[in-house]
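Position 1 is the first residue of the sequence, and the numbers go up from there. Both backbone and side-chain heavy atoms feed into the values below; hydrogens, waters and symmetry mates do not. The model shown is predicted, which means the values in this text are computed figures rather than measured ones.
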Amino acid sequence: MEYLELTWTKDEFLAYLLIYAAQINQIETEEEKELIKSRFDAQILKRIYKEINADNDYQRIQKIMVYTYQKNYTSQDLDDLLKEIKELLLCDGKFDPIEQALYFYLKKIFKI
């Protein structure tokens, strides 16, 4: 795991994580966008969209792994994150194979 200096708040991290999940299949649906928009302040979303769109997939997953490790997320915290991710991935009524793969990958890395 790389060393990264991440100064996000919990809300910023959650926004990053949910946007990452929404974009994993290259299709961020209107339902996903609306759910994300309803959860976060417009300024946070502006900053996080700018950052995530500048990152490649490797950088995105590294940031997610590093942040959860550095902040010492508990098992319950990680379970709560997985519930939020699943809610987002199901909000458009679809759970396609790419979304399923991401969900199970995050589940695996969060349990390490």
Side-chain angles (χ1 to χ4, degrees):
M1 196 172 343
E2 291 182 22
Y3 175 78
L4 296 169
E5 185 70 35
L6 299 173
T7 59
W8 292 328
T9 64
K10 281 191 174 191
D11 275 351
E12 290 169 329
F13 169 68
L14 183 58
Y16 190 93
L17 181 61
L18 293 179
I19 292 167
Y20 173 67
Q23 292 181 349
I24 195 65
N25 62 354
Q26 307 296 317
I27 304 166
E28 191 174 356
T29 67
E30 285 304 313
E31 294 89 352
E32 292 167 338
K33 287 178 188 177
E34 286 301 316
L35 190 139
I36 291 168
K37 188 176 167 184
S38 73
R39 298 278 320 274
F40 304 100
D41 177 73
Q43 288 298 92
I44 288 174
L45 288 178
K46 185 177 179 180
R47 276 193 318 275
I48 296 300
Y49 268 107
K50 184 177 180 181
E51 180 173 354
I52 202 164
N53 289 332
D55 292 342
N56 63 39
D57 198 53
Y58 176 79
Q59 291 166 319
R60 291 173 177 190
I61 202 68
Q62 286 298 305
K63 286 181 176 183
I64 291 165
M65 289 170 41
V66 167
Y67 187 85
T68 57
Y69 176 77
Q70 287 178 347
K71 299 302 179 185
N72 296 315
Y73 271 56
T74 66
S75 181
Q76 183 61 54
D77 293 334
L78 296 171
D79 287 343
D80 292 344
L81 286 175
L82 287 169
K83 286 177 190 171
E84 297 218 40
I85 293 164
K86 194 162 193 179
E87 177 186 347
L88 173 80
L89 295 174
L90 294 172
C91 76
D92 61 1
K94 301 173 197 148
F95 194 37
D96 69 43
I98 295 171
E99 291 173 331
Q100 290 176 35
L102 169 71
Y103 179 78
F104 291 112
Y105 178 71
L106 288 174
K107 193 172 183 179
K108 182 178 177 180
I109 65 171
F110 284 174
K111 300 300 178 181
I112 293 176

Engineer: Would you please test N72 and D77 for side chain to side chain contact (heavy atoms under 4.5 Å, CB included) and show each step?
Structural biologist: CA-CA 9 Å; N72 296 315; D77 293 334; over 6 Å; no

Engineer: What pair of heavy atoms forms the shortest contact from E28 to I36, and how long is it?
Structural biologist: OE2-CD1, 4.0 Å

Engineer: Please assess F40 against L18 for the test side chain to side chain contact (heavy atoms under 4.5 Å, CB included), listing each intermediate value before the final yes or no.
Structural biologist: CA-CA 11 Å; F40 304 100; L18 293 179; 4.0 Å; yes

Engineer: If you round to the nearest 0.5 Å, how far is NZ of K94 from CD of Q100?
Structural biologist: 13.5 Å

Engineer: Can you tell me how far CD1 of I24 sits from CD of Q26, rounded to the nearest 0.5 angstrom?
Structural biologist: 7.5 Å

Engineer: Output side-chain donor-acceptor pairs under 3.5 Å for residues 80-87, partner residues at least two apart or in another chain, one line each.
Structural biologist:
residue, atom, partner, partner atom, Å
D80, OD1, Q76, NE2, 2.8
E84, OE1, R39, NH1, 2.3
E84, OE1, R39, NH2, 3.1

Engineer: Measure the acute angle between the ring planes of Y103 and F95, then classify it against the limits of 30° and 60° as parallel, tilted or perpendicular.
Structural biologist: perpendicular

Engineer: Taking all atoms of both residues into account, what is the closest heavy-atom pair of K63 and D55, and its distance?
Structural biologist: NZ-OD2, 2.8 Å

Engineer: Run K111 and D79 through salt bridge (charged side-chain N to carboxylate O under 4.0 Å, His left out) and show every step you take.
Structural biologist: CA-CA 9 Å; K111 300 300 178 181; D79 287 343; 2.4 Å; yes

Engineer: Hey, could you give me the CG/CD1 distance between L102 and I61, rounded to the nearest 0.5 Å?
Structural biologist: 6.5 Å

Engineer: What is the distance from atom CD1 of I52 to atom CG of N56, rounded to the nearest 0.5 Å?
Structural biologist: 11.0 Å

Engineer: Would you sort out whether Q59 and Q62 count as a side chain to side chain contact (heavy atoms under 4.5 Å, CB included), showing the intermediate values?
Structural biologist: CA-CA 5 Å; Q59 291 166 319; Q62 286 298 305; 5.6 Å; no

Engineer: For the side chain of E34 and the backbone of E31, is there at least one donor-acceptor N/O pair under 3.5 Å apart?
Structural biologist: no

Engineer: Quick one: closest heavy-atom pair of Y73 and F13, and the distance?
Structural biologist: OH-CD2, 3.5 Å

Engineer: Walk me through whether R47 and W8 qualify under side chain to side chain contact (heavy atoms under 4.5 Å, CB included).
Structural biologist: CA-CA 11 Å; R47 276 193 318 275; W8 292 328; over 6 Å; no

Engineer: Determine the minimum heavy-atom distance between M65 and I109, stating which atoms define it.
Structural biologist: CG-CD1, 3.4 Å

Engineer: Under 3.5 Å, is there a donor-acceptor pair between the side chain of E32 and the main chain of A21?
Structural biologist: no

Engineer: Is there a path of hydrophobic side-chain contacts, each under 4.5 Å between heavy atoms of I, L, V, M, F, W or Y residues, that connects F104 with F110?
Structural biologist: yes

Engineer: Do you know which two heavy atoms are closest between I44 and A15, and how far apart they sit?
Structural biologist: CG2-CB, 4.2 Å

Engineer: Can you hop from L6 to L14 via hydrophobic side chains spaced under 4.5 Å?
Structural biologist: yes

Engineer: Could you tell me whether the side chain of E12 reaches within less than 4.5 Å of the side chain of E51, counting heavy atoms only?
Structural biologist: no

